[in-house]
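Inspection log for the structure reproduced underneath, given as structure tokens.
Naming: A, B, ... by sequence-line order, numbering from 1 per chain.
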There are 2 protein chains.
Amino acid sequence: MSVNHAATGVDRRELILMQAIPLFAATGYSGVSMRDIARAVGVSTAALYHHFPDKQALYLVAVDHAFTDKAEGIRRALAAGDPDFRALLQRELVDGDETRLKLLADQVFLEPYEAIVALAKELAPDLDPYLLANSVVGLVLFCFETLPLRRHLPGRKPEHEKPKTIAKHASALLVRALGVEAAEPDGGRSG
Amino acid sequence: MSVNHAATGVDRRELILMQAIPLFAATGYSGVSMRDIARAVGVSTAALYHHFPDKQALYLVAVDHAFTDKAEGIRRALAAGDPDFRALLQRELVDGDETRLKLLADQVFLEPYEAIVALAKELAPDLDPYLLANSVVGLVLFCFETLPLRRHLPGRKPEHEKPKTIAKHASALLVRALGVEAAEPDGGRSG
DNA sequence: GTCTATAGCCTGATAGAC
DNA sequence: GTCTATCAGGCTATAGAC
């Protein structure tokens, strides 16, 4: 159906999404107008309505795209990755549309979440594995979330902004709490 | 300057703020119109402009009010407290206006943050106290943040929504990580 | 201090030419 | 598929009566 754009690798529809995602991430749904998106893409608003029935649909597809397209998924975001991903996630968490959250849960978080829950059961049978899984993720994500605030708080060091430092801190804390070494790829997690 | 409203306890200006805060918390700055606020208060939009020069000013005062008025401050929010506080905080973290974040840091978070940092230095001298302080707060706040998402993930239990459960989980994790009992009011924290 | 009325702009969305 | 032109309505903010 869509024209072959082998030369560029993206068709028009995808180009619109790519331009829309950072805009929605930066200022949220009602902070971005169809005109803003059209200007970013370099087309008229009418062209947008050829590809998407309305603004809401464009937003939904854009969010879905941002979350699932970044294929390997959350690992990148946890490992520091895409700021747009984090911003969109924060916005979705606070805007709280049940339909979109369900989609986010099923299509993005279900698989890695279950993996972490399974690990949690193994490592700390006496703690609630679901809350623990959440805490593990939160130890990293919350650091990034609060970064803009902590920049204005005392004790700020440049390395606090580096993903590596944050990851190391979270690991150290978990090692102490769960009595294991940080997970190694060779699978030696029962020692 | 403002009329004495001893009977009601609030003047008009404060009434506007009280009505505006939950609106801004629910749908964000650009998601709330001056008409929405006026309707909630029961006055015309023109009346709003008598008390505040423009929408941005109203928003700033409202956020300030929400953060500092809840006097004892963060403890309530951490302990589960005000959903408006959490929602506004999440929105401010992601919207990232430097001026507002600075105000938030100085007037709301500075004091309790330093207290937690001091505690962190004592309990875990080998960990970064600033990151640890952040983690301590995050263990609780992140649970609330992700609640709307976790409702759609497996393993959901009703008690995961209860502040008490979340607090207990965070405590248990910290006890394991830092090798101390949960802080008791009698100050027995060096044993 | 609050109102009604309105200016002037921006919004989402559509019609119809090409 | 994309354009220009446009609609109806919402928006912030103001003017002026009371």
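If you check every strand for non-hydrogen atoms under 4.0 Å, A:V32 touches sugar and phosphate atoms only.
In terms of heavy-atom proximity, B:S44 sits nearest to B:A38 at C-CB, 3.8 Å.
Comparing atom distances between the B:H50 side chain and each of C:dA13, D:dT2, C:dG1 picks out C:dG1 as nearest.
Put simply, B:S33 has no side-chain N or O that comes within less than 4.0 Å of OP1 or OP2 on D:dG10.
In this structure, the separation between CZ on A:F24 and CG on A:L58 is 5.5 Å, given to the nearest 0.5 Å. Separating the CG atom in B:L149 from the CZ atom in A:R100 is a distance of 13.0 Å, to the nearest 0.5 Å.
In this structure, the NE2 atom of A:H51 is 16 Å from the C1' atom of C:dA13, given to the nearest Å. We find that CG of B:D11 is positioned 10 Å from P of C:dT2, with the value rounded to whole Å. When rounded to the nearest whole Å, the span between OH of A:Y49 and C1' of C:dT14 equals 9 Å. Across the protein-nucleic acid pair, A:M34 atom CE and D:dC7 atom P stand 20 Å apart, rounded to whole Å. Note: CD1 (A:I37) to C1' (C:dT11) measures 13 Å, nearest angstrom. For B:D36 and D:dT12, the CG to P distance is 8 Å, given to the nearest whole Å. Atom NZ in A:K55 sits roughly 13 Å away from atom C1' in D:dG10 (whole-Å rounding). Note: OH (B:Y59) to C1' (D:dT12) measures 17 Å, nearest angstrom.
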Give me, pair by pair, the N or O atoms of the protein and of nucleotides 3-7 of chain C that are less than 3.5 Å apart, along with how far apart they are.
| residue | atom | partner | partner atom | Å |
| --- | --- | --- | --- | --- |
| C:dC3 | OP2 | B:S44 | N | 2.7 |
| C:dC3 | OP2 | B:S44 | OG | 2.9 |

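At a threshold of 4.5 Å between side-chain heavy atoms, the hydrophobic network of Ile, Leu, Val, Met, Phe, Trp and Tyr places B:Y29 and B:L103 in two separate groups. Cluster membership check: A:V94 does not share its hydrophobic cluster with A:L104, using side-chain heavy-atom separations under 4.5 Å among Ile, Leu, Val, Met, Phe, Trp and Tyr.
Side-chain contact check for A:S30 versus B:T27: every heavy-atom pair is 4.5 Å or farther apart. B:R91 places none of its side-chain heavy atoms less than 4.5 Å from the side chain of A:Q90.
For the 3.5 Å distance criterion, the side chains of B:H160 and B:T165 fail to qualify, holding no donor opposite an acceptor.
Between the two ends of the helix from C:dG1-D:dC18 to C:dC18-D:dG1, each summarised by a five-pair axis, the helix axis turns through 0° (rounded to 10 degrees).
Cation-pi geometry between A:K55 and A:Y49 is not met: the NZ or CZ atom fails to fall both under 6.0 Å from the ring centre and inside 45° of the normal.
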